[in-house]
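Have a look at the structure below, then the notes.
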Amino acid sequence: MALLEKIEEFSEEQMTQMLLSTAVACATVAAVAAAVMVWQKFHKHSHCDQALVLLYEFRHACATPLYVLRHISEHVALEMQAGLNQPGGSQLMMLPTFIEKLPNGCEKGLFYALDLSGTNFRVLRCLLGGPNARVIKQEYEVVAIPRALLLGTSEELFDFIAQRLISFIKLEGPEFQRGHNWNGHQIRELGLTISFPICQTSHNTGILIKWTEGFKIADGVGKDVVAMLQSAMDRQKGFQIRVAVLINDTVGTMAGGHYWNDDVMVGVILGTNTNACYVECNLPEDIQTKSGKMVIYMEWGRFWSSHLPRTYIDEQLDNESVNPGDRGFEKMTGAMYLGEIVRRVLARMAQEANLFGDSVPTKLKQPFILLTLEMSKMHADESPDLRIVDKVLKDVFDIKRTELSERRIVHSVCDTVTMRAARLAAAFIVGILKKIGRDGWDATGVSSRLMALPRDSEHRARLELKRTVVAMDGILYEHYHRFRIYMQAAVYELLSEAAARKLVIELSKDGSGTGASILAACHSEFAPSYS
């Protein structure tokens, strides 16, 4: 009763104020609760928003618009000419290979190849049947080099190689032996592919500059690699073998392509590493030839230009590499590096935007753990939930759970890195075509600036553009579908309409093996010649 009496003493105005205060308090509590819910929802996805900002920054830094690619192509052509005019006068090595003659499909007989491109080597025999039969049959064997020989002497190494080569020759079947007898001589001829840096002095001689690929041999530097192998083979009894030609895999790729197509003018490797060669018909006077042309090996991985779209990731990767300041183009385009670039971008997003949670996954910090092969699988993922991306993140980085928004960001990073690499490779290819007059644009003035030809003018017809084939090999071109699509699109985007119609890019596999054996046939001292 006392409580009721107390309540009755409140005036109507006081009751109203009390109810309003209660309502305000309730509203405040509700607003705070709603704010907490919104914050929780925002906080749940805010890391993706921050990662997206980093993604957009990276994509902008990697951009390769047409005018940038044209500047790069022009710079490439100028550097090529500078390297030809003066040895050492360019970022590009522009090395003479002394290969003037390329195969035409008429080669016939049994020829061997030796591919010494790492701690394994490969021996191959190839039976060529002339213009009608072409490549009749091939056999090969891969041999691991014992670790002790990687640290021994050059004589021990080449003796081991010669022994295994002779053992392989002894296994010739009747069909190969008949092919050997076609040429009426007992000497077997061989194409040698070497990945070590050499100074080539003729088509079948070359001075070793240094051992690489894990070899730490005390001697051999400054000696002719062909002479060292030839001496080792001569010490073996029972077979006579002659090294007919010394090449690298890029020249072999071009030769293999030319065997099937006389219009091949350029050879390109887009794989773990990247390189190119081409036929130069405007040689300086100090390079003497019988034909007036020669295959030039470029070492294009060394190329650098201020026009290249370099990012903080590229600078970081270069500074931490074993060769800082060197091979800048290769570090942006080679399969050895593409997966690592993606990993570094994701690591930064994980560190600065908590992309994969509150802590950076341990394996994401491990350099070169993401192979370009795994990266390409993520990039090729077209499933609605990006389940392949999810699987690769689990398998490679041990990231157990990811949201779809996170996987989309990963997919975008892969796309950005691949598109940049492919378009830069395209710009370089067009730079080569520009140097040999096959790009379909006018070149005027000292700087060789690009000028569009009128699409319907008679001048385009007077250019008489020839059909040009680029022979290409390497895992990026052969197996990375989106890389290939991006590269081809950029090449045709850069060329004139007339040149684009005349250009063909073809796969030419196994230049270090098949290409080397075919070049050996082309430079045979005994095989019959065909016109």
Side-chain angles (χ1 to χ4, degrees), residues 97 99 102-107 110-118 120-129 131 133-143 190-195 245-279 295 297-298 300-301 333-336 371-373 376 421-422 425-426 429 432 468-485 487-488 491 503-522:
T97 65
I99 301 292
L102 288 168
N104 58 13
C106 294
E107 293 74 18
L110 173 63
F111 297 91
Y112 279 80
L114 170 61
D115 177 14
L116 181 55
S117 299
N120 295 333
F121 68 88
R122 183 169 55 122
V123 287
L124 175 144
R125 55 176 148 253
C126 184
L127 183 60
L128 304 175
R134 298 285 177 136
V135 178
I136 297 173
K137 190 175 182 180
Q138 293 185 90
E139 292 178 346
Y140 72 91
E141 179 184 343
V142 177
V143 181
L190 174 144
L192 174 61
T193 302
I194 290 282
S195 63
V245 68
L246 170 66
I247 63 167
N248 58 48
D249 59 352
T250 312
V251 176
T253 294
M254 181 179 186
H258 203 277
Y259 177 74
W260 297 98
N261 195 324
D262 289 345
D263 293 324
V264 169
M265 293 292 290
V266 181
V268 176
I269 298 285
L270 291 171
T272 304
N273 304 110
T274 178
N275 224 316
C277 64
Y278 73 104
V279 178
V295 177
Y297 176 62
M298 297 176 61
W300 79 358
T333 57
M336 179 183 292
L371 302 178
T372 298
L373 174 63
S376 69
I429 291 168
I432 297 173
T468 305
V469 177
V470 177
M472 195 164 294
D473 197 9
I475 57 174
L476 288 178
Y477 182 77
E478 183 179 3
H479 298 298
Y480 200 153
H481 178 70
R482 293 201 180 190
F483 181 99
R484 183 168 68 250
I485 295 299
M487 188 204 71
Q488 289 175 330
V491 166
L503 179 71
V504 178
I505 301 175
E506 291 182 344
L507 180 65
S508 176
K509 296 183 66 173
D510 193 24
S512 59
T514 306
S517 63
I518 292 172
L519 262 181
C522 188

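One is the number of the first residue; the rest follow in order along the sequence.
In plain terms, the two heavy atoms of Gly511 and Asp473 that are nearest each other are N-OD2, 4.2 Å. Counting all heavy atoms, side chain and backbone alike, Ala276 lies closest to Ile432 at CB-CD1, 4.0 Å. Residues Ala255 and Pro103 share a closest heavy-atom pair of O-CG, 3.3 Å. Taking every heavy atom of both residues into account, Asp510 and Gly513 meet most closely at OD1-N, 3.1 Å. Nearest heavy atom pair, residue Ser517 against residue Leu124, reads OG-CD2, 3.9 Å. The heavy-atom pair separating Gly118 from Ser195 by the smallest distance is N-OG, 4.2 Å.
Residues His258 and Val279 form no side-chain contact, since every pair of their non-hydrogen atoms from C-beta on lies 4.5 Å or further apart. Leu519 is listed as a side-chain neighbour of Val251, based on a closest heavy-atom distance under 4.5 Å. Looking at heavy atoms from C-beta onward, Ile505 lies in side-chain contact with Met487 at the 4.5 angstrom threshold. A 4.5 Å side-chain heavy-atom check between Val123 and Tyr112 finds every atom pair outside the cut-off. In this structure, Leu270 and Phe483 have side chains that are in contact, with non-hydrogen atoms separated by less than 4.5 Å. When side chains are defined from C-beta on, Lys509 does not count as touching Thr514, because their heavy atoms never get closer than 4.5 Å. Contact of the Phe111 side chain with the Ile518 side chain is not registered, since no non-hydrogen atoms from C-beta on lie closer than 4.5 Å. At least one side-chain heavy atom of Leu246 sits under 4.5 Å from a side-chain heavy atom of Ile194.
For the atom pair CG of Leu507 and CD of Glu478, the computed distance is 5.0 Å after rounding to the nearest 0.5 Å. Here the CG atom belonging to Asn273 is positioned 4.5 Å from the CE atom belonging to Met336, to the nearest 0.5 angstrom. Here the straight-line distance linking atom OG of Ser376 with atom CG of Leu371 works out to 9.5 Å at 0.5 Å rounding. For the atom pair His479 NE2 and Leu476 CG, the distance stands at 10.0 Å (nearest 0.5 Å). Atom CD of Glu139 and atom SG of Cys126 lie 11.0 Å apart (nearest 0.5 Å). Between the CG atom of Asp115 and the OH atom of Tyr140 there is a distance of 11.5 Å, given to the nearest 0.5 Å.
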Apply side-chain contact (heavy atoms from CB on, under 4.5 Å) to the pair Val470 and Leu503, showing each step before the final yes or no.
-> CA-CA 8 Å; Val470 177; Leu503 179 71; 3.9 Å; yes
Practice item. Any chance you could lay out the side-chain contact (heavy atoms from CB on, under 4.5 Å) test for Met254 and Ile99, step after step, and finish with the verdict? Key: CA-CA 11 Å; Met254 181 179 186; Ile99 301 292; over 6 Å; no
- Candidate pair Trp260 and Val135, rule side-chain contact (heavy atoms from CB on, under 4.5 Å), full reasoning: CA-CA 10 Å; Trp260 297 98; Val135 178; 4.2 Å; yes
Between Leu102 and Cys522, does the side-chain contact (heavy atoms from CB on, under 4.5 Å) criterion hold? Intermediate values first, please. CA-CA 7 Å; Leu102 288 168; Cys522 188; 5.5 Å; no
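Distance alone, capped at 3.5 Å, is enough to place a donor-acceptor pair between the Thr97 side chain and the Val295 backbone. When atom types are taken as modelled, the side chain of Thr193 and the backbone of Asp249 share no donor-acceptor pair closer than 3.5 angstrom. Side-chain atoms of Asn275 come within 3.5 Å of backbone atoms of Trp300 as a donor-acceptor pair (strictly under, hydrogens ignored). Under the 3.5 Å distance criterion, the side-chain polar atoms of Ser508 are left unmatched by any main-chain donor or acceptor of Ala471. In this structure a side-chain-to-backbone donor-acceptor pair under 3.5 Å is present from Arg484 to Tyr477. Remark: the backbone N or O of Ile269 is paired with a side-chain donor or acceptor of Thr274 at under 3.5 angstrom.
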